[in-house]
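The next block holds one structure in the form of structure tokens; read it before the comments.
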Number of protein chains: 2
Amino acid sequence: MNKLEKQSDLILKNNGLSVTSSRKKILEVFLSAETALEHQDIEKIVTQYDRVTIYRTLQTFLDKGIIHPIPTTDNSIKYAVCSETCVKTGHHHDNHVHFFCDKCGKTECLDDVAIPSVILPSGYDMHEINMVVNGTCKTCRA
Amino acid sequence: MNKLEKQSDLILKNNGLSVTSSRKKILEVFLSAETALEHQDIEKIVTQYDRVTIYRTLQTFLDKGIIHPIPTTDNSIKYAVCSETCVKTGHHHDNHVHFFCDKCGKTECLDDVAIPSVILPSGYDMHEINMVVNGTCKTCRA
DNA sequence: AAGCATTTTGCAACAAAGTTGCATTCATCG
DNA sequence: CGATGAATGCAACTTTGTTGCAAAATGCTT
């Protein structure tokens, strides 16, 4: 087992999931991806597994907090692996800005850009906060 | 024509759209809605028109900047009418925070809560910014 | 107000995305 | 290694979104 496989293996075990080849493979895809992925992307990369398996695996990863969803305006949900702390604590706390590139269509986590706090009108109770910036990414502008 | 109908009529004309009964009705639904709506919601309210017409109408409204999309993590896109200035200038500039209630599932525009600015890493070019807060809304908490 | 050109609508057919039940296969643990 | 419970693949189905085309409605001109 190489480093990536070991990491994938460990994450699954730490989350009380049985280690199956589909879960390992899909998780490895996420771990080595530089951008957020949607169901369709996974399906194209991991052709050896059934569509249904991919749906169920994504749902499992979501439930365990291994991946987090990134909101989009294009009838899809993109997912990215949660940060180390996020996976460890089990409590999802995704405090960074996401960037969607209008040119290449890729979404990435800007881990270094923290979401600024906002003050809600009284009566509103905040649980989670998401910030997505659209624009042109580093690669496409270069 | 009541006030709502007049307003709807005016918005369509100002945007160079022919005034058809479906467009008027759908726009009135948006104008009188307190929350953001997705395709499905419209379809349930406006049962007299074809599914396809609703898809096309939403697309037309989007193109003209009459409504704006709000990103979600549930494989849907919610829409809300743009603010006065937004419709007037034709240039979409949606600078407020959106709130999604985990209890009732409704999304609303917090027009009074401005999106704070963020500084992106160098190389990134920002065009648009979206902020969605999840939690419990005023009504559900009361 | 009537006719005409153009746009919009509804229908039908289709494509894509997501869900569910069930039998088979696989991972884990003793 | 064998038993047990979980995960997978398949099939069938539902929902969601798209496209082409004929019919209908809109707005313009007269």
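Lettering follows sequence order; numbering is per chain, from 1. These numbers were taken from a predicted model, which means no experiment stands behind them.
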Practice task
Sugar-phosphate atoms are those with a prime plus P, OP1 and OP2; base atoms are the rest. Using that split, label each nucleotide of nucleotides 1-6 of chain D B, S or - for protein heavy atoms under 4.0 Å, 5' to 3'.
Solution key: ------
Exercise for the section: Mind running side-chain contact (heavy atoms from CB on, under 4.5 Å) on A/Val97 and A/Val133 for me, showing each step along the way? Expected result: CA-CA 7 Å; A/Val97 172; A/Val133 176; 3.7 Å; yes
Exercise for the section: Nearest-nucleotide wise, let me know which of B/Thr20 and A/Leu17 is further upstream toward the 5' end of DNA chain C. Expected result: B/Thr20
Practice task
Return the 5'-most residue of the pair B/Lys13, B/His39 with respect to DNA chain D, ranking by each residue's nearest nucleotide.
Solution key: B/His39
Distances under 3.5 Å only, N/O to N/O: pair up the protein atoms with those of nucleotides 12-15 of chain C.
none

Handout entry: Under 3.5 Å side-chain donor-acceptor pair for B/Ser18 and B/Arg23
Key = yes
Practice task
List for me each residue that meets side-chain hydrogen bond (donor to acceptor under 3.5 Å, both in side chains) alongside A/Glu34, sequence neighbours excluded, and say none if there are none.
Solution key: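 side-chain hydrogen bond (donor to acceptor under 3.5 Å, both in side chains) list for A/Glu34, sorted by chain: empty.
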Handout entry: For A/His98, the option from A/His68, A/Glu108, A/Lys78 that meets side chain to side chain donor-acceptor pair (under 3.5 Å)
Key = A/His68
Practice task
With sequence neighbours excluded, tell me which residues meet side chain to side chain contact (heavy atoms under 4.5 Å, CB included) with B/Asp112.
Solution key: none
Problem - Partners meeting side chain to side chain contact (heavy atoms under 4.5 Å, CB included) with B/Asp50 (sequence neighbours left out) - result: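 With sequence neighbours excluded, B/Asp50 shows a side chain to side chain contact (heavy atoms under 4.5 Å, CB included) to B/Val52, B/Thr53, given in chain and number order.
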Practice task
Quickly work out the B/Lys25 NZ to C/dT9 P distance and round it to whole Å.
Solution key: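 Distance, rounded to whole Å: 15 Å.
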Practice task
Compute the centroid of each ring, for A/His39 and then for A/Tyr55, and state whether the two points are separated by less than 6.0 Å.
Solution key: yes
Practice task
Ignoring hydrogens and angles, answer whether the base of D/dG17 and the side-chain atoms of B/Arg56 contain a donor-acceptor pair closer than 3.5 Å.
Solution key: no
Practice task
Note the angle between the end axes of the helix from C/dA1-D/dT30 to C/dG30-D/dC1, five pairs defining each, rounded to 10 degrees.
Solution key: 40°
Exercise for the section: Tell me what A/Thr60 touches on the nucleic acid: a base, only sugar-phosphate, or nothing, going by heavy atoms under 4.0 Å. Expected result: nothing
Handout entry: Over 12 non-hydrogen atoms of neighbours within 6.0 angstrom of NZ in B/Lys25
Key =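 No - once you tally the heavy atoms of other residues, nucleotides and ligands closer than 6.0 Å, there are 12 at most.
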